[in-house]
Amino acid sequence: MSLLHHDVLREPFAEASHFREDFFACLTMRRDELFELVDALLCADGPVTSPVDLTLLAEHRRGHGALYDALNHGCIDIVGLRRTLAALPQPRAANDRLVLAVDVSNWLRPDAECSPDRLFCHTYGRGRDQNLMIPGWPYSFVAVLESGRTSWCQLLDAVRLGPADDVAEITTVQVRRVVEDLIAGGRWREDDPDILVVFDAGYDAPRMAYLLDGLPVEVLGRMRSDRVMRRPAPSLKQYAEAYPRGGRYPKHGKEFRFAKPETWGEPDVATVQVTDRYGTAQAMAWDRLHPRLTTRSAWIDHDGALPIIEGTLLRLEVDRLPGGGGPLPLWLWSSATGMTGAGVDLRWQAFLRRFDLEHTFRLIKQTLGWTRPKLRTSQAADRWTWLIIVAHTQLRFARPLAEDIRRPWERPTKPNRLVPARVRRGFRNLRPHSPARAPKPTRPGPGRPGGSKNQRPATRYDVGKTVRRPESIIERNRTRP
């Protein structure tokens with residue numbers, strides 16, 4: 001039994017070694033330093049408070065000057081790294097299908113006046129309904145979710161949102177690229193169910209479904225509780241019975257107001273489930289509902305007739321929340337139609353799994369120190385972000401291999417149920433061979449002469465959007481060539 005156990009553990013170790021070699025091949029400049037920096041991230045004791053402290057570890061054999069030089073002037077083959085991550089074995093959730101979660105996490109830089117490409121990032125204050133806008137770099141992440149209650153997920157991509165970017169368009173390009181890489185890597189085949197892409201309330205789910213048309217994906221997003229949607233247009237027979245005198249055939253059906261139950265009518269599907277964390281969960285679904293689009297805001301640049309994007313509207317109501325407080329109804333919209341009761345339960349359960357990505361954000365910020373470096377350029381921030389993603393991926397490989405190295409006050413946990421922070425404690429004992437070369441001996445440079453001042457002051461940059469979009473059709477036509 002002992003030999004069989006070691007044979008089983010040999011496969012994850014071999015996969016981790018192959019991934020480290022593929023990652024090393026994606027480093028084109030300052031490759032040895034960048035690779036050792038990731039090892040130092042994983043072998044540090046406790047949270048990372050400053051990148052320069054990582055140069056004091058035995059896994060980092062170079063000085064602090066090499067660290068900053070690699071972050072500022074290194075080069076990573078991002079395209080190759082994305083394909084390598086997509087070709088890895090991916091977790092399955094929601095009835096053995098791929099579930100992607102998309103969300104934005106902010107790297108706050110309020111005092112970095114010399115850093116370009118900063119935007120006003122939405123953050124939550126300590127008081128109730130207190131929202132703050134703080135300058136920083138927002139990053140859009142795409143991750144593959146697992147099934148069940150867990151704090152693990154597989155990060156696949158990260159894109160920094162710039163001042164001239166439209167969030168929906170950039171996210172669409174990002175998701176399309178990830179899906180194409182998953183298909184090219186053999187993680188999705190034609191006989192598999194569509195990939196479920198879960199969005200939070202900050203995204204317009206119908207518009208995301210329209211922009212992702214042509215891909216084997218299903219969009220599932222949360223809707224605001226004050227939205228208004230429309231039912232499908234009546235048939236010719238129904239219209240003739242309702243309006244015998246005739247008239248213009250309507251394009252939309254009756255209104256469905258979220259805040260007015262008298263407009264709901266009977267749901268097409270209704271389910272009830274008893275859960276441990278939320279008590280009784282009641283879900284109702286209405287088929288073939290769509291928003292009534294207008295040529296303004298996000299659709300101001302659309303030419304021709306506006307599309308009708310039909311889907312299924314879900315309403316979820318639970319008895320209690322795990323953290324306490326009064327639960328509010330949850331509204332979801334899916335681009336799929338014709339759902340059964342099992343399909344409705346599958347969607348709202350998959351959406352609740354989206355919050356596992358929040359555990360990953362807390363890990364990379366508080367433990368791996370994603371937002372700790374005071375980097376000046378946004379390009380250096382992008383390199384550091386990808387190093388964090390690679391470090392998190394290696395923790396997933398070490399998950400079945402790590403032992404429970406716990407503190408005296410912590411409860412014992414099964415080896416395969418460890419959280420990422422506890423897996424990181426034993427990574428030093430599991431680290432495969434490093435392909436990085438040993439540093440060459442050298443002498444430090446003379447540096448800046450004593451008493452000299454900086455003769456080239458750094459440039460200050462404004463914060464916020466740099467592109468103003470038209471607000472009306474007349475203004476749009478004036479700006480077009």
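Because the structure is a prediction, the values reported are computed rather than measured.
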Enquirer: Check whether any side-chain heavy atom of L316 lies under 4.5 Å from a side-chain heavy atom of L332, and answer yes or no.
Expert: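 SC-SC contact between L316 and L332 ruled out.
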Enquirer: What residue pairs, at least two apart or across chains, pass ring-ring contact (aromatic ring centres under 6.0 Å, His included) with a residue in residues 19-45?
Expert: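 Counting only pairs at least two positions apart or across chains, the ring-ring contact (aromatic ring centres under 6.0 Å, His included) contacts touching residues 19-45 are F19-F397, F23-F35, F24-F35.
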Enquirer: Hey, what do you get for CZ (R376) to OH (Y461), rounding to the nearest 0.5 Å?
Expert: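 Output value for this atom pair is 9.0 Å.
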Enquirer: Any salt bridge linking R83 with D77? Criterion: basic side-chain nitrogen under 4.0 Å from a carboxylate oxygen.
Expert: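 Result for this pair is no, no salt bridge flagged.
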Enquirer: Between E36 and S434, do the side chains contain an N or O donor and an N or O acceptor separated by less than 3.5 Å?
Expert: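 Absent: no donor and acceptor within the cut-off.
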Enquirer: Is there a donor-acceptor contact under 3.5 Å from the side chain of R362 to the main chain of E358?
Expert: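 Checked: no pair found.
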Enquirer: State, yes or no, whether a side-chain contact exists between R61 and D32 at a heavy-atom distance under 4.5 Å.
Expert: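 No - every pair of side-chain heavy atoms lies 4.5 Å or more apart.
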Enquirer: Tell me whether H359 at atom NE2 has more than 12 heavy atoms from other residues, nucleotides or ligands lying less than 6.0 Å away.
Expert: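 Enclosed: over 12 neighbouring heavy atoms sit under 6.0 Å from NE2 of H359.
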Enquirer: Taking only residues at least two apart or on different chains, which pairs with a member in residues 169-205 satisfy ring-ring contact (aromatic ring centres under 6.0 Å, His included)?
Expert: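 Sorted result for residues 169-205: F199-Y203.
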Enquirer: Is it the case that the ring center of H122 lies less than 6.0 angstrom away from the ring center of F120?
Expert: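 Distance test on ring centres: not under 6.0 Å, no.
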Enquirer: Heavy atoms, side chains only, cut-off 4.5 Å: are D157 and R177 in contact?
Expert: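 The answer is yes; the side chains approach within 4.5 Å.
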Enquirer: Any side-chain hydrogen bond (donor to acceptor under 3.5 Å, both in side chains) involving residues 132-148? Give me the pairs, sequence neighbours left out, ordered by first then second residue.
Expert: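 Those involving residues 132-148 are Y139-D382, S140-Q174, E146-R399.
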Enquirer: Check whether any side-chain heavy atom of F351 lies under 4.5 Å from a side-chain heavy atom of L330, and answer yes or no.
Expert: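 They are in side-chain contact.
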Enquirer: Does atom NE2 (H302) have a neighbourhood of more than 12 heavy atoms from anything else shown, all under 6.0 Å?
Expert: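 Count over threshold, so yes.
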Enquirer: Going by side-chain contact (heavy atoms from CB on, under 4.5 Å), name the residues that satisfy it together with R383, two or more places apart in sequence or in a different chain.
Expert: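 In terms of side-chain contact (heavy atoms from CB on, under 4.5 Å), with neighbours along the sequence ignored, R383 is linked to I76, Q379, A380.
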Enquirer: For the SG atom of C121 and the CG atom of L161, what is their distance to the nearest 0.5 Å?
Expert: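 Reported value, rounded in 0.5 Å steps: 9.0 Å.
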Enquirer: W331: which residues meet the ring pair (Phe, Tyr, Trp, His ring centres under 6.0 Å) condition with it, sequence neighbours left out?
Expert: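 Partners of W331 under the ring pair (Phe, Tyr, Trp, His ring centres under 6.0 Å) test: F258, W264.
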Enquirer: Would you say the side chain of N131 lies within less than 4.5 Å of the side chain of Y124, judging by non-hydrogen atoms?
Expert: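 Of all side-chain heavy-atom pairs linking N131 with Y124, at least one is under 4.5 Å.
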Enquirer: Should the heavy atoms of other residues, nucleotides or ligands under 6.0 Å from CG of D301 be counted, would the total exceed 12?
Expert: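 Yes, CG of D301 has more than 12 neighbouring heavy atoms, counting only those of other groups under 6.0 Å.
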Enquirer: Do side-chain atoms of R460 reach the backbone of A458 as a donor and acceptor pair under 3.5 angstrom?
Expert: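 Yes.
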Enquirer: Run the salt-bridge test on D192 and R97 with the 4.0 Å N-O cut-off and return the result as yes or no.
Expert: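 No, D192 and R97 are not salt-bridged.
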Enquirer: Is the number of heavy atoms from other residues, nucleotides or ligands within 6.0 Å of CZ (R437) greater than 12?
Expert: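 No, because the 6.0 Å sphere around CZ of R437 holds 12 heavy atoms or fewer from other groups.
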Enquirer: Between E410 and R407 (side chain of the first, backbone of the second, donor and acceptor by atom type, cut-off under 3.5 Å), is there such a pair?
Expert: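 Indeed, once roles are kept as given, a pair shorter than 3.5 Å links the two residues.
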Enquirer: Do T312 and V344 make a side-chain contact, defined as non-hydrogen atoms from C-beta onward lying under 4.5 Å apart?
Expert: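 Result no, sub-4.5 Å side-chain heavy-atom pair not found.
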Enquirer: Counting heavy atoms not belonging to D276, are there more than 12 under 6.0 Å from its CG?
Expert: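 It does not: D276 CG has 12 such atoms or fewer within range.
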Enquirer: Do R354 and R222 come close enough that some side-chain heavy atom pair is under 4.5 Å?
Expert: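 Contact flag for R354/R222 side chains = no.
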Enquirer: Have Q154 and H392 got a donor and an acceptor in their side chains that come within less than 3.5 Å?
Expert: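 Side-chain D/A pair, Q154 to H392: absent.
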Enquirer: Less than 4.5 Å apart, side chain to side chain, heavy atoms only: is that true for L156 and L182?
Expert: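 When only atoms from C-beta onward are counted, L182 and L156 do touch, with a gap below 4.5 Å.
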Enquirer: Can you list every ring-ring contact (aromatic ring centres under 6.0 Å, His included) pair that touches residues 140-185, not counting sequence neighbours?
Expert: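 Sorted pair list: F141-F361, F141-W370.
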